[in-house]
Structures are given as C-alpha cells and as structure tokens.
Amino acid sequence: MDKRACNSQDAEVRKGPWTLEEDLILINYIRNHGEGVWNSLARSAGLKRTGKSCRLRWLNYLRPDVRRGNITPEEQHLIMELHAKWGNRWSKIAKHLPGRTDNEIKNFWRTRIQKHIKRAETFSSTGQITEHNDQASTSQTASFADAAEFYSPTYPEIFESFAGGSFPIEPSDNIWSMEDIWSLQ
DNA sequence: AATATAGCCAACCGCCACTGT
DNA sequence: TACAGTGGCGGTTGGCTATAT
C-alpha cells in the first residue's frame, strides 16, 4: 500500500502540519460525502495529501466528537487499568474512553506515565527494584484494583500521585479550537 | 536577554489484516 | 489462490513551546 510514492502525482503529496484551509476542505468534504475510501476522498477533495494522512487528521483532530484538553483523573485510572490488562493496545483502550483518540492516549502514556516509571526505576535502582515489562501485555488483570496491584509494587510513586489526585497534568490548548473551526463552517 | 534543555504532541512510517477481483 | 488496494494499528520522529540556566 504505502510502499513508495513513485508516480508523477505522488511527487506533489504534501506532508507536515495541516493548514486551516486544508482542515476546512476536509471537513466540508466529509460533511457532504461522508468518510471512508480515504485515497479517493483525498483526490476528490483536491487535497494534496495521502488518504492515510486525511484519515489520521480527521480521526485524531477534526472529528466533532473528539475531546481535547486534560485527561481527567478518572480517565487516567481507566488508562492504567486497561493498559495493565491489554498492554499497548491503544486503539482498544481508546474505545473505552469516549472522545479520546489512540494517538492521544499513546502520547499521554509515553510522556506522562513512562516518565514516572523511569523516575521510579531510577529512584529505586539502588534498591531492589527488578526489571519490569511496561508493555504488560501478558497481564490478565481486570480491574483498577488489579492494575494497582500490578503496577504499584514496582511504581509506587505513580500510584501515590493518583491517590493524591495530584497527577501532574498540564493544559494543552490548541492554537485554534475545534469550536473555532466548526464555527467557520 | 540569550541560550540550552526538556517536554509535549501532531504527523509520518512501516507493517499487517482484510477485502474485492 | 494470488494479487492489489485499502484501512488500521503501534512505534517513532521532528518541530514547537515552556522552563531552566
């Protein structure tokens, strides 16, 4: 599929950040024709993007039901629980967090949770901590309590943060909000 | 005030599974 | 059955922003 761009049209494929104009084109096109068949959608809409790029942009950013902003403590708990259960099955985890995308959850995990895990490991490296598989893919735990049991012996710092409701979350506002974009329609 | 460093996140890449012909 | 096209997923990266020095 995505094996190499080799014809003359592919030479014009745009990459990098999406512009507001491109966003509007994509939103309008999907509004009129629906989503799916992304390659032909990209061509028909006149976007110099791959179908994959259009799909990703729509699913992760432009969809009206995408929730932006802070991950709530409840969502953090759920992510921890589901990750303990399924490992890095981000899309599966995302299905249980309405409005959240797999990409967002993946980024959240990598930037926030893994950071804490690393710190915990560094902190305890002089102690008895053992190497841990953060994928947790083999774990069959099924509840938050189980997840806590699974993670907390190794990463107590993380669960302390949860318990105190002080898990560090910074605001992550967008340059323009989706309300702004949709209001332009 | 200028520069260096760290953190965050949008987007791309490569692989695999599914479907239609 | 084999092949090509497409969609979906997880991993990775590049650039922007915030913070520290």
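Lettering follows sequence order; numbering is per chain, from 1.
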Quick note, W38(A) side chain, CB onward, closest among dA10(B), dG8(C), dT6(C) is dG8(C)

Can you find a donor-acceptor pair, distance only, under 3.5 Å between K52(A) side chain and dG7(C) base?
no

Taken to the nearest whole Å, CG/N60(A) to C1'/dC9(B) is 11 Å

Just call it for T50(A): base, sugar-phosphate, or nothing, with non-hydrogen atoms closer than 4.0 Å on any strand.
nothing

dA11(B), OP1 or OP2 - any side-chain N/O from R57(A) closer than 4.0 Å?
yes

Output a table of donor-acceptor pairs, distance under 3.5 Å, between side-chain atoms of residues 92-103 of chain A and any protein atom two or more places apart or on a different chain; print 'none' if there are none.
| residue | atom | partner | partner atom | Å |
| --- | --- | --- | --- | --- |
| H96(A) | ND1 | K92(A) | O | 3.2 |
| R100(A) | NE | E75(A) | OE1 | 3.4 |
| R100(A) | NE | E75(A) | OE2 | 3.0 |
| R100(A) | NH1 | R67(A) | O | 3.4 |
| R100(A) | NH1 | G69(A) | O | 3.2 |
| R100(A) | NH1 | E104(A) | OE2 | 2.9 |
| R100(A) | NH2 | N70(A) | O | 2.5 |
| R100(A) | NH2 | E75(A) | OE1 | 3.0 |
| T101(A) | OG1 | E104(A) | N | 3.0 |

Quick one: is R89(A) getting a side-chain N or O under 4.0 Å of the dG10(C) phosphate, OP1 or OP2?
yes

Check the phosphate of dC12(B) against R49(A), side-chain N and O only, distance under 4.0 Å to OP1 or OP2. Yes or no?
yes

Distance below 4.0 Å between S91(A) side-chain N/O and dC9(C) OP1 or OP2
yes

Value in whole Å for how far the C1' atom of dC9(C) lies from CG of L56(A):
10 Å

Give N103(A) one of three labels, base, sugar-phosphate or nothing, depending on what nucleic acid heavy atoms sit under 4.0 Å from its own.
base

To the nearest Å, give me how far apart CG (D23(A)) and P (dA10(B)) are.
12 Å

Got a second to check how far W90(A)'s CH2 is from W109(A)'s CH2, nearest 0.5 Å?
6.0 Å

Establish, with yes or no, whether the OP1 or OP2 oxygen of dT6(C) is under 4.0 angstrom from a side-chain nitrogen or oxygen of R55(A).
no

